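Before any comments, here is the structure.
Source: prediction; values computed, not measured. Basis for what follows: all heavy atoms, side chains included, without hydrogens, waters or symmetry-related copies. Lettering of chains follows the sequences in order, A, B, ..., and the numbering in each one begins at 1.
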Amino acid sequence: MKAEIQIKGLFKSYPNGTQALKGICLEIQKGHFFALLGPNGAGKSTLVKVMTTLINKDSGNFTIAGINPETNQSKIQKIIGVASQDNEIDPTEKVENLLVFQGRLFGLTKPESNKRANELIEMFQLDTERNKKASALSGGNKRRLHCALALVHHPQILFLDEPTVGMDPVARANFWEIITQMNKSESVTIFLTTQYLDEADKHATEMALIVAGEIRYSGTIIDFKKMVNPDSSMSLNDSYLKYIKTLTNQEFSKNKKGKML
Amino acid sequence: MNTANILLIERGIIKLIKQPSAPIMGFGMSLFFLLVYNAGIGGVGSLDAFGTGGYLSFVFPITIISLAMGSSAGAGQTLNADMQSGYFRRLYLSPAPRWILVVAPMLADTISSLFFTILLIIIGAIFGVTFQFGFASVLGILILSFLWSLTLCGFSVGIMLRTGQHQSAAIVTNAVFPLLFLSTTFLPRELITADWLLAVSWGNPVTYILEGNRYLLAGTSSASFFYIGLIIFALTSTVSVIFALSSANKIKI
């Protein structure tokens with residue numbers, strides 16, 4: 001079976017010389033809940049931007065649902081939903097109007113768009129904010145709206161780049177309830193990047209660890225924990241910290257040797 | 001045209017209606033010029049060189065030109081606001097073709113400029129501006145005005161996208177402003193005494209829109225100005241749209 005997301009030897013560097021991605025290879029099956037973890041600046045957001053066609057890759061290949069995004073950008077956009085790190089909201093528009101417009105942009109008819117907007121307003125508990133301009137929303141509600149906008153067109157694959165930053169615990173719980181429900185009942189493939197490892201631990205089943213643009217681990221979360229600490233059970237957070245610490249020490253001694261030579 | 005494209009153009013127009021300060025300012029200035037020029041130096045219109053339309057019809061094209069200049073100074077407001085808020089990224093991730101994200105707000109700016117041109121034509125007609133060929137004259141003026149406005153908006157948006165600063169849209173207006181004075185703006189060619197100014201005016205594209213409009217309004221110019229003007233501004237508007245589209249690649253997502 002062909003993977004829903006297939007990445008082969010992906011490279012990306014920025015004009016300032018930073019090599020953000022160094023030959024990334026990944027495969028994610030349909031309906032899986034995948035978490036991409038790694039320190040700040042490791043290349044997580046760059047990978048999401050490349051895969052969602054926000055920026056171009058330098059070399060390598062990737063397909064999404066078997067489609068090549070370079071030749072079928074519009075087709076890709078119809079099947080993916082993206083909630084990036086930063087809010088992408090028109091502050092001058094009302095909550096309901098933004099959701100309806102988003103639906104229309106993705107090809108829903110006006111009645112379908114209105115219906116979907118109502119569903120999302122209810123799901124994300126934005127009823128009282130419906131007629132408020134986005135600029136008048138609290139930080140947490142802006143975040144809810146931002147995530148709701150990514151779901152308007154019933155995406156088949158969802159890219160969530162640190163989606164819960166700025167949400168209060170209730171909003172966060174509500175958000176994950178919606179996402180896990182979509183993942184389980186509609187087999188929506190989830191590609192998550194997060195620094196909240198408890199969230200990845202609780203909801204995701206597979207993960208990859210990216211450090212300095214390279215994948216250092218790819219597999220199930222359970223196997224990662226076992227690999228780091230075979231003797232006792234540890235949370236993903238602790239396993240991650242331990243692994244990164246070991247990695248840092250290895251790099252440090254490598255560099256030291258290099259200097260001595 | 002597909003639904004997404006229409007929606008985005010509609011959105012651009014609605015945004016301009018909600019924040020109309022730039023086009024209204026441009027319109028106000030044009031109206032002011034029309035009234036002041038006519039009241040101040042309208043008396044010279046009795047000279048033969050101004051034709052039957054008098055000074056009002058002679059000076060009217062300048063108000064149309066300055067209207068588009070005023071609008072283009074605020075061109076790309078919506079695009080800039082979307083980029084600042086991050087909403088542009090959301091639009092970028094929609095199935096809409098990416099070229100329309102740049103062209104839609106530009107078209108909205110041009111349509112708004114055209115709307116105010118029609119308003120100006122109505123006011124001009126009330127004040128006594130003549131239209132040599134009736135509705136055909138109005139249509140000709142609108143076509144020239146559309147191309148001129150699209151030229152200015154395209155370059156303004158392109159520069160704004162490349163510099164990432166909304167204020168830089170005004171660079172085009174400032175660059176074009178001197179061209180107004182190096183043309184047959186205030187006097188017909190027959191009354192311009194400086195040979196160098198006459199020579200420069202031949203190479204100045206503004207001359208062709210001015211004289212083209214004068215041909216349509218009072219018949220004081222030759223038809224060739226109108227046709228050459230059409231060719232010039234069809235070319236410049238095409239170049240400016242290409243410039244704006246190529247500038248879209250410079251946007252930092």
Exercise for the section: Of all the heavy-atom pairs spanning A/Phe101 and B/Leu8, show the shortest one and how long it is. Expected result: CZ-CD2, 4.2 Å

Problem - Closest non-hydrogen atom pair, B/Tyr92 against A/Leu54 - result: CD2-CD2, 3.5 Å

Exercise for the section: Side-chain contact test, heavy atoms from C-beta onward, threshold under 4.5 Å: evaluate it for A/Glu93 versus B/Lys18 and give yes or no. Expected result: yes

Problem - Closest approach of B/Leu93 to A/Gln77 (non-hydrogen atoms, all atoms of both residues) - result: O-OE1, 2.9 Å

Practice task
Find the distance between CG (B/Asp82) and OG1 (A/Thr92) and round it off to the nearest 0.5 Å.
Solution key: 8.0 Å

Exercise for the section: Would you check if A/Thr53 and B/Arg98 make a side-chain contact, meaning some heavy-atom pair closer than 4.5 Å? Expected result: yes

Practice task
Mark yes when over 12 heavy atoms from residues, nucleotides or ligands other than A/Glu112 sit less than 6.0 Å from its CD; otherwise mark no.
Solution key: yes

Practice task
Taking the side chain as every heavy atom from C-beta outward, state whether B/Arg11 and A/Asp90 have any pair of such atoms under 4.5 Å apart.
Solution key: yes

Exercise for the section: May I ask you to check whether over 12 heavy atoms, not counting those of A/Glu122, lie within 6.0 Å of atom CD? Expected result: no

Handout entry: Closest non-hydrogen atom pair between B/Leu91 and A/Leu105, with its separation
Key = CD2-CD2, 3.6 Å

Exercise for the section: Without swapping roles, check the side chain of B/Arg90 against the backbone of A/His146 for a donor-acceptor pair under 3.5 Å. Expected result: yes

Practice task
Could you tell me whether A/Tyr14 atom OH has more than 12 heavy atoms of other residues or ligands within 6.0 Å of it?
Solution key: yes

Fill in the blank from the handout: Taking every heavy atom of A/Lys78 against every heavy atom of B/Pro95, the minimum-distance pair comes out as CG-CG, 3.7 Å

Practice task
Could you check which of A/Asp86, A/Ile76, A/Ile80 has the highest count of heavy-atom pairs closer than 4.5 Å to chain B?
Solution key: A/Asp86

